[in-house]
Amino acid sequence: MFSEIQSKINNAPSLDFGDIFNESIQLFKKSWLYGFLLQIFVMIITSPFIIIMYMPMFVAAMASVENGETFDPDSMDAFFAGMSVLYMIGFFVGILIIAVLSLALNAGLYKVIKKLDYNEEVKVGDLFYFFKGNYIGKLIVIMLVTMGISIVAAILCYLPLIYAMVPLSFFMVIFAFNPDLSVGDIVKLSFMLGNKKWLITFGLLVVSYIVLLILTIVTCGLGSLFLSAFMYHPIYLIYKKVVGFGVETVNNIEA
């Protein structure tokens, strides 16, 4: 499978910016509800963690106010500095869990987008398709690789991060339609596809982000719940036009 996808990337056809953007809009009209549900599910997953992890801080702040003391924002720095190692480990583990489950939902959304694109039956449960042990383990590794690449790129004066954001954006779409590939192969193919179609991908992401930012501001932030998932569509269409969905791939994502 790896060599087949690699060959398709090496022989990728030229892509038209306007066509992909227009197709993204048309496809988004079909998928916006599932993108909205994804945002809601992420909020549901995140909320308990935020409540549990920040409850001690809220309790400390309320105790200070009840004792008649003036709330000092600097006291929060002392609070976090005094937290136990165990608490900090729990905090980062919680972030890890949220990030991995969010990635699983993102991969599930690509599965939904593909089905809608081909007029296939879609269920809300398809968003949770990758909430399985064998996939979660791989998603943890992918997330750690993403963090590692991002940190190294950021340390190098951020310019490499601008370059790396394009290959990184292909991690989930390649995983979603080729979940049996190793993490190493997913990373390699993502960078191959990112390098091959870097300029058009970067342009589509930037234009899409600007449009979403404007609409979010106009709607006082409410629009982000409905529109954020639009960013997935150009990535999906680039993958579709370059790699496509062979028989083996279709069997994998339909299983």
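Just so you know, these numbers use all the heavy atoms, side chains as well, and skip hydrogens, waters and symmetry mates. Computed from a predicted model, the values in this text were never measured in an experiment.
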Does the pair Asp126 and Tyr34 meet the rule for a side chain to side chain donor-acceptor pair (under 3.5 Å), with working shown?
CA-CA 10 Å; Asp126 290 333; Tyr34 294 93; over 6 Å; no

Go through Met192 and Gln6 one step at a time and tell me if the side-chain contact (heavy atoms from CB on, under 4.5 Å) criterion holds.
CA-CA 8 Å; Met192 289 177 191; Gln6 181 182 36; 3.2 Å; yes

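Residue Phe17 qualifies as enclosed at atom CZ: its count of foreign heavy atoms under 6.0 Å is above 12.
One finds no salt bridge joining Glu23 and Lys240 here, because no Lys/Arg side-chain nitrogen approaches an Asp/Glu carboxylate oxygen to under 4.0 Å.
Of all heavy-atom pairs between Leu27 and Leu116, the closest is CD1-C, 4.5 Å. Contact between Lys29 and Trp32 at its shortest, heavy atoms only, is O-CD1, 3.2 Å. In terms of heavy atoms, Leu168 sits closest to Ser150 at CD1-OG, 3.6 Å. Of all non-hydrogen atoms in Leu225 and Gln39, the two that sit nearest each other are O-CG, 3.4 Å. Residue Ala229 comes nearest to Gly35 through the heavy atom pair CB-CA, 3.4 Å, listed as atom of the first residue, atom of the second, then distance. Nearest heavy atom pair, residue Val100 against residue Leu139, reads CG1-CB, 4.1 Å.
Proximity of Ile45 to Leu105: side-chain heavy atoms (C-beta onward) are separated by under 4.5 Å at one or more points. Contact of the Leu181 side chain with the Asn178 side chain is registered, since non-hydrogen atoms from C-beta on lie closer than 4.5 Å. Side-chain contact between Phe130 and Asn106: absent, with no pair of heavy atoms (C-beta onward) separated by less than 4.5 Å. A 4.5 Å side-chain heavy-atom check between Val145 and Ile186 finds every atom pair outside the cut-off. Taking 4.5 Å as the limit, every side-chain heavy atom of Leu205 sits out of range of all side-chain heavy atoms of Tyr209. In this structure the side chain of Leu161 never reaches within 4.5 angstrom of the side chain of Ile149, judged on heavy atoms. Lys138 places a side-chain heavy atom less than 4.5 Å from the side chain of Ile142. With a 4.5 Å cut-off on side-chain heavy atoms, Leu103 and Phe175 do not count as touching.
When ring centroids are compared, Tyr110 and Tyr239 stay outside the 6.0 Å threshold. Taking the six-membered ring where the residue is Trp, the centroids of Phe230 and Phe21 are separated by under 6.0 Å.
Judged as a side-chain hydrogen bond (donor to acceptor under 3.5 Å, both in side chains), the pairs with a partner in residues 182-198 (not counting sequence neighbours) are, in order, Tyr163-Asn195, Ser182-Asp185.
Rounded to the nearest 0.5 angstrom, Thr201 OG1 and Leu237 CG are separated by 11.0 Å. The OG atom of Ser102 sits 11.5 Å away from atom CD1 of Ile95, with the distance rounded to the nearest 0.5 Å. The distance from atom CG of Leu38 to atom CG of Leu33, rounded to the nearest 0.5 Å, is 11.5 Å. Ser224 contributes atom OG, which lies 10.5 Å from atom CZ of Phe36 (distance to the nearest 0.5 angstrom). Taking CG of Leu156 as the reference point, atom CD1 of Ile151 lies at 12.0 Å (rounded to 0.5 Å). To the nearest 0.5 Å, atom CZ of residue Phe128 and atom NZ of residue Lys123 are 13.0 Å apart.
Ser169 places a side-chain N or O within donor-acceptor distance of the main-chain N or O of Val166, the cut-off being under 3.5 Å. Remark: side-chain polar atoms of Ser7 are not paired, donor with acceptor, to backbone N or O of Glu4 under 3.5 angstrom.
Leu212 and Val206 fall within the same hydrophobic cluster, defined by Ile, Leu, Val, Met, Phe, Trp and Tyr side-chain heavy atoms under 4.5 Å apart, directly or through other members. Following chains of ILVMFWY side-chain contacts shorter than 4.5 Å, one cannot reach Met165 starting from Ile155, and the two form parts of different hydrophobic clusters. Placement of Met143 and Val152 in two distinct hydrophobic clusters is found when ILVMFWY residues are connected by side-chain heavy-atom separations under 4.5 Å, directly or transitively.
In this structure, Lys114 forms a cation-pi arrangement with Tyr118, its terminal cationic atom sitting closer than 6.0 Å to the ring centre and no more than 45° off the ring axis.
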